[in-house]
Each structure stands twice: as structure tokens, then as C-alpha cells.
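Here the structure comes first, spelled out in C-alpha cells, and everything after it is commentary.
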Amino acid sequence: MSSFRKRIRASSSRSSIILANDLDGTNLELLEKHTLKNIKTLGKHLCAIKFNFHLLLPLGEKSIKRINKVAHDFGLQTIADIKLNDIGNTNMVTLQRLWYSEFDAVISNPIMGPENLLQLVKNAHNDSHGVITLVHMSHPGAKLGYGLRVQDPSSGKMSSIHDLFLKWSYLSHVDGIVVGATVPRLIELSAKKAKGKFEIYSPGIGTQGGDPNNALNAGANYLIVGRTILNSKNPQLEVQKLQDLTLRS
Ligand SMILES: O=c1ccn([C@@H]2O[C@H](COP(=O)(O)O)[C@@H](O)[C@H]2O)c(=O)[nH]1
């Protein structure tokens, strides 16, 4: 099997939009049904679909595995957004469960430290899966954490946490990094450092205030979009408009 980066790049020839399939609801049957409907009706405008705890917690392994298989049939990559950040052993067991459920990639948090991150990426790459790391999140409070000044333990120099996370991500050979569409300047700086070694995934479009054009112009490779599509009166039209933007950029 080719690498996750290659697979998602191949899917992105039709669109660079990743649907954040964050559905509310307590009826498990409806959650699965609605997700399958989103895949079937919106899939041709997407390159991937991302699942967060909205679905992962209520649905469980069997249902998620079924959904991931259908997503693959529609040419979509699937991403588990669990912002993984744990001790090595727990990370490894988590990866095994995610890959068993047929996920292609996981979003993780570099705060686990460079050694654990390197191990996580090696493990994922062993069987062609991907790791995407948080470098700077999109929500308003993100700056308070990701902007903190810290001493880089290897150089002794002061830097911000997002710079350190970018460096650790680069050194660990991650497949992609998350930088919010709400901080386009940081997308630009990260894109300069990426030099084709990883891609930039940008959430925070629309509902959170991020502008898709600004994110793409700054160098984002993939846009992660949830409520702007899901809550639209016409999700298909909404996603198509976003798809067109990514194809023009
Ligand atoms: O920095 C981050 C990292 C992850 N997310 C996730 O992406 C989607 C965005 O949903 P919208 O409805 O388009 O706001 C959601 O699953 C977040 O948990 C993020 O927003 N920002």
C-alpha cells in the first residue's frame, strides 16, 4: 500500500476539503445512517473525512469500521481526530485499535515530547498510516497555550511552543501539521519550513471565523470544515463552493 501522504494527495486531485463529520445526536442508528449519507452525497467534493469524539465515543469499533470501509469505497481517506497524547505504550495500543477500525491517519499532540512522537510516527509508517500533529489550533484561546514562550531543550534558545511543535513534527517526519485558518500568518511561516516534507491541514474555516481563501493563499494544503457544511441549508452546494476554491488555488 502507498503512504498516507500519497493516498490523500491522490484523492486531492478532485478536492482538498476534509469534512469534519461532527454530528450531534444520541440515536446510534441515525448517527451511522447520517454519516453514510454524508459520504455518499458529499464524497465527490472531498478528499477525506475526519471523525472526532462526536462519533467515536457513541458508535464504537464495529460501526466505525463499517463507515471507514464505505468512505474508502468512495475514494476518501479517513482521519481519527483524537489529538493523541500519551505514554508510548498507550499510544501504540491506540494506534492498533485505530488501524483495526480501518483509519488511515491520526491527529496527535506533540506535547507528548519528541521521543514519543518519533516512535508514534515510525509505528504508523510501518504499515502505511499517517500522523498529523497539532502545531497551532484554531480556537480563540489557542494563542494562550501555543504562543507560550519556552526554552528549547536542545538549543537552549527561547521560542514559542508552536515553533517547538513545528520543529519536533519536522524532525519526526510527520505527514502533516494542523495550523488554524484563524492564524494565516503562522500557516505562511509553517509552509516556508515545510518545504514539501509534510502538508498543512487547516481547520477553523467559516464558523470559527477563518477565511478559506486566506488559508489557501498562506499555504494550507487541506481545509478541514465541519459546521459550515453540516449546518448549511444546502451542504452539497456549500462543499462544492469550497471544493472549487481549492481546485483554483
Ligand atoms: O485546531 C483545531 C484542531 C481541530 N479542530 C477540529 O476540526 C473541526 C472543525 O469543525 P468546524 O465545525 O468547522 O469548526 C472540529 O472537529 C474540531 O474539533 C479544530 O477546529 N481546530
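Whatever order the structure lists them in is the order used to number ligands and atoms, beginning at 1. Residue numbers run from 1 in the order of the sequence given. Only a predicted model underlies this, so the values are computations on that prediction, with no experimental measurement involved. All values below were derived from every heavy atom in this structure, side-chain atoms included, with hydrogens, water molecules and symmetry-related copies excluded.
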Original post:
Run the side chain to side chain donor-acceptor pair (under 3.5 Å) check on Asp152 and Ser154 step by step: do they pass?
Top reply: CA-CA 6 Å; Asp152 181 335; Ser154 62; 2.9 Å; yes
Subject >> Basic-acidic side-chain contact under 4.0 Å: Arg227, Asp22 >> reply: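 Not counted as a salt bridge, because no side-chain N and carboxylate O are separated by less than 4.0 Å.
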**OP:** Could you please spell out the steps behind the side chain to side chain donor-acceptor pair (under 3.5 Å) verdict for Asp163 and Ser160?
**Re:** CA-CA 5 Å; Asp163 278 335; Ser160 50; 3.3 Å; yes
**OP:** Give me the one residue out of Arg5, Arg7, Lys50 that meets salt bridge (Lys or Arg N to Asp or Glu O under 4.0 Å) with Asp104.
**Re:**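 Going through the options one by one, the only one that passes is Arg7.
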**OP:** Go through the structure and list residues passing salt bridge (Lys or Arg N to Asp or Glu O under 4.0 Å) with Lys40, not counting sequence neighbours.
**Re:**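 Partners of Lys40 by the salt bridge (Lys or Arg N to Asp or Glu O under 4.0 Å) criterion come out as none, since no residue qualifies.
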May I have every N or O pair linking ligand 1 to the protein at under 3.5 Å, one per line with atom names and distance?
| unit_1 | atom_1 | unit_2 | atom_2 | d |
| --- | --- | --- | --- | --- |
| ligand 1 | 1 (O) | Ser138 | N | 3.0 |
| ligand 1 | 12 (O) | Arg227 | N | 2.7 |
| ligand 1 | 12 (O) | Arg227 | NE | 2.7 |
| ligand 1 | 13 (O) | Gly226 | N | 2.8 |
| ligand 1 | 14 (O) | Gln208 | NE2 | 2.8 |
| ligand 1 | 14 (O) | Arg227 | NH2 | 2.8 |
| ligand 1 | 16 (O) | Asp22 | OD2 | 2.6 |
| ligand 1 | 16 (O) | Lys50 | NZ | 2.8 |
| ligand 1 | 16 (O) | Asn52 | ND2 | 3.2 |
| ligand 1 | 18 (O) | Asn52 | ND2 | 3.0 |
| ligand 1 | 20 (O) | Ser138 | OG | 3.4 |
| ligand 1 | 20 (O) | Gln208 | NE2 | 2.8 |
| ligand 1 | 21 (N) | Ser138 | OG | 2.7 |

Subject >> Common cluster, Leu237/Leu19, ILVMFWY with side-chain heavy-atom separation under 4.5 Å >> reply: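 As far as the 4.5 Å side-chain criterion goes, Leu19 and Leu237 are not connected within one cluster.
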